[in-house]
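The structure under discussion appears below in the form of structure tokens.
Small disclaimer: the values here were computed from a predicted structure and weren't measured. Just so you know, residue 1 is the first one in the sequence shown, and it goes up from there. Note: hydrogens, waters and symmetry copies are ignored here, and every other heavy atom, side chains too, is used. In each ligand, atom 1 is the first atom listed, and ligand 1 is the first ligand listed.
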Amino acid sequence: MEVVIQPDAGAIATLVADEIERLLAARPDAVLGLATGSSPLAIYDELVRRHEAGRISFARARAFMLDEYVGLPDAHPERYRNVIDREIAGRVDFAPGAVQGPDGNAEDLVGACAAYEQAIADAGGVDLQILGIGTDGHIAFNEPGSSLGSRTRIKTLTSQTRLDNARFFDDDVDAVPVHCVTQGLATIMSARHLVLVATGSAKAEAVHHLVEGSVSAMWPATIMQHHPRATVLVDPAAASRLQLGDYYREVFAAKPAWQGI
Ligand code: GLP
């Protein structure tokens with residue numbers, strides 16, 4: 001696992017956008033994994049800037065979302081499908097239908113989860129997966145206790161996650177759905193490059209466990225320690241509980257710039 005400590009979200013976004021620009025230049029039909037939440041927003045803004053400047057095209061790329069709430073009306077602004085369209089997909093040149101997400105309103109949710117797994121496999125798998133992390137260590141919506149071998153399925157959100165996400169629902173925790181469909185931990189682990197971003201002191205404990213804790217379903221993101229190519233980009237506040245923070249800084253400072261992340 002590579003840990004990259006950067007001064008702020010803007011510097012993190014630059015490094016991640018550099019990597020995506022490099023990937024799309026080498027493989028214009030690359031498959032991206034898109035995350036919701038506030039953590040990736042600076043990355044999306046940077047990608048839009050580069051797209052508008054003519055540096056990046058998504059015209060041949062495809063993308064898969066991580067997760068979706070169950071039961072939100074199609075037009076609800078916080079439905080993750082609408083969030084992704086608003087924050088990134090609708091601001092760049094993805095072809096129609098190129099961005100897919102799990103269907104949280106399917107009549108047959110179990111069948112829809114299996115179909116989503118198949119769609120990712122049919123696309124050849126995800127090349128670069130963007131991730132945030134919940135304060136309880138979840139990635140996508142894989143809450144503590146999630147099977148480390150899980151695939152796309154229905155999950156129940158913890159009250160902590162519903163409280164954390166209430167800010168997107170006018171601070172009304174009761175308006176946050178109880179259920180979701182989410183890529184499983186094994187689904188996420190199948191992506192070829194995992195790029196997790198976290199900022200702020202509220203994430204410090206989760207980041208400490210992710211990087212330096214024991215691998216455990218209690219902190220689901222720790223499964224990333226088993227991934228051959230996982231990059232964790234954090235600001236100083238999110239890095240504040242890392243025991244080897246100075247070492248991670250030395251390693252990145254000594255890395256040739258051409259290697260990227
Ligand atoms: C949400 C999403 C995750 C996200 C996490 C952190 O519940 N399902 O994909 O990484 O919580 O969100 P934020 O980046 O807003 O802190």
Considering only protein heavy atoms, which is closest to atom 4 (C) of ligand 1, and at what distance to one decimal place? Thr36 O, 4.0 Å

Ligand 1 to Leu131 polar contact by distance, N or O atoms, under 3.5 Å: no

Any donor-acceptor N/O pair, Gln160 side chain to Thr135 backbone, under 3.5 Å: no

Can you check side-chain hydrogen bond (donor to acceptor under 3.5 Å, both in side chains) on His209 and Thr222, steps first, answer last? CA-CA 7 Å; His209 282 281; Thr222 57; over 6 Å; no

What do you reckon, does Ala140 put a non-hydrogen atom under 4.0 Å from ligand 1? yes

Stepwise side-chain hydrogen bond (donor to acceptor under 3.5 Å, both in side chains) test for Arg153 and Ser146: CA-CA 11 Å; Arg153 69 212 183 292; Ser146 289; 3.3 Å; yes

Using 4.0 Å as the upper bound for N to carboxylate O, is an ion pair formed by Arg62 and Asp127? no

Proximity of Ala35 to ligand 1 by residue part, where a heavy atom lies under 4.0 Å: neither

Which atoms of ligand 1 have any heavy atom of Ile133 under 4.0 Å away? 6 (C), 10 (O)

Please report the C-alpha distance between Phe168 and Tyr69 in whole Å, then the side-chain angles of each, then the deciding distance to 0.1 Å, and finally whether the ring pair (Phe, Tyr, Trp, His ring centres under 6.0 Å) criterion is met. CA-CA 13 Å; Phe168 297 116; Tyr69 291 113; 8.9 Å; no

Closest non-hydrogen protein atom to atom 8 (N) of ligand 1, residue and atom name please, with distance? Asp67 OD2, 2.8 Å

Suppose I only count heavy atoms of Tyr80 and a 4.0 Å limit; which atoms of ligand 1 are within that range? 1 (C), 2 (C), 7 (O), 8 (N)

Give a yes/no on ligand 1: does Glu68 have at least one heavy atom closer than 4.0 angstrom to it? no

His138 N/O under 3.5 Å from ligand 1 N/O: yes

Quick one: which of Val232, Thr231, Leu196, Leu194 gives a side-chain contact (heavy atoms from CB on, under 4.5 Å) with Met1? Val232

Residue-level breakdown please: for Arg167 versus ligand 1, do any non-hydrogen atoms fall below 4.0 Å on the side chain, on the backbone, on both, or on neither? side chain

Interfacing atoms of ligand 1 (cut-off 4.0 Å, heavy-atom, Gly132): 10 (O)

For residues 252-261, which side-chain donor-acceptor pairs fall under 3.5 Å, sequence neighbours excluded?
unit_1	atom_1	unit_2	atom_2	d
Lys255	NZ	Glu2	OE1	3.2
Lys255	NZ	Glu2	OE2	2.7
Lys255	NZ	Gly260	O	2.8

Tell me, please, which residues at least two apart from Arg22 pass salt bridge (Lys or Arg N to Asp or Glu O under 4.0 Å). Glu19

Among non-hydrogen protein atoms, atom 14 (O) of ligand 1 lies closest to Ser39 OG, 2.5 Å

In ligand 1, the atoms that come under 4.0 Å of a heavy atom of Lys203 are 13 (P), 14 (O), 16 (O)

Are Asp29 and Arg27 close enough for a salt bridge, meaning some N to O gap below 4.0 Å? yes

Are there more than 12 heavy atoms of other residues, nucleotides or ligands under 6.0 Å from atom CG of Asp122? yes

If we number the atoms of ligand 1 from 1 as shown, the ones under 4.0 Å from a heavy atom of Asn165 are 1 (C), 7 (O)

Residue, atom name and distance, where the atom is the protein heavy atom closest to atom 12 (O) of ligand 1: Gly37 CA, 4.0 Å

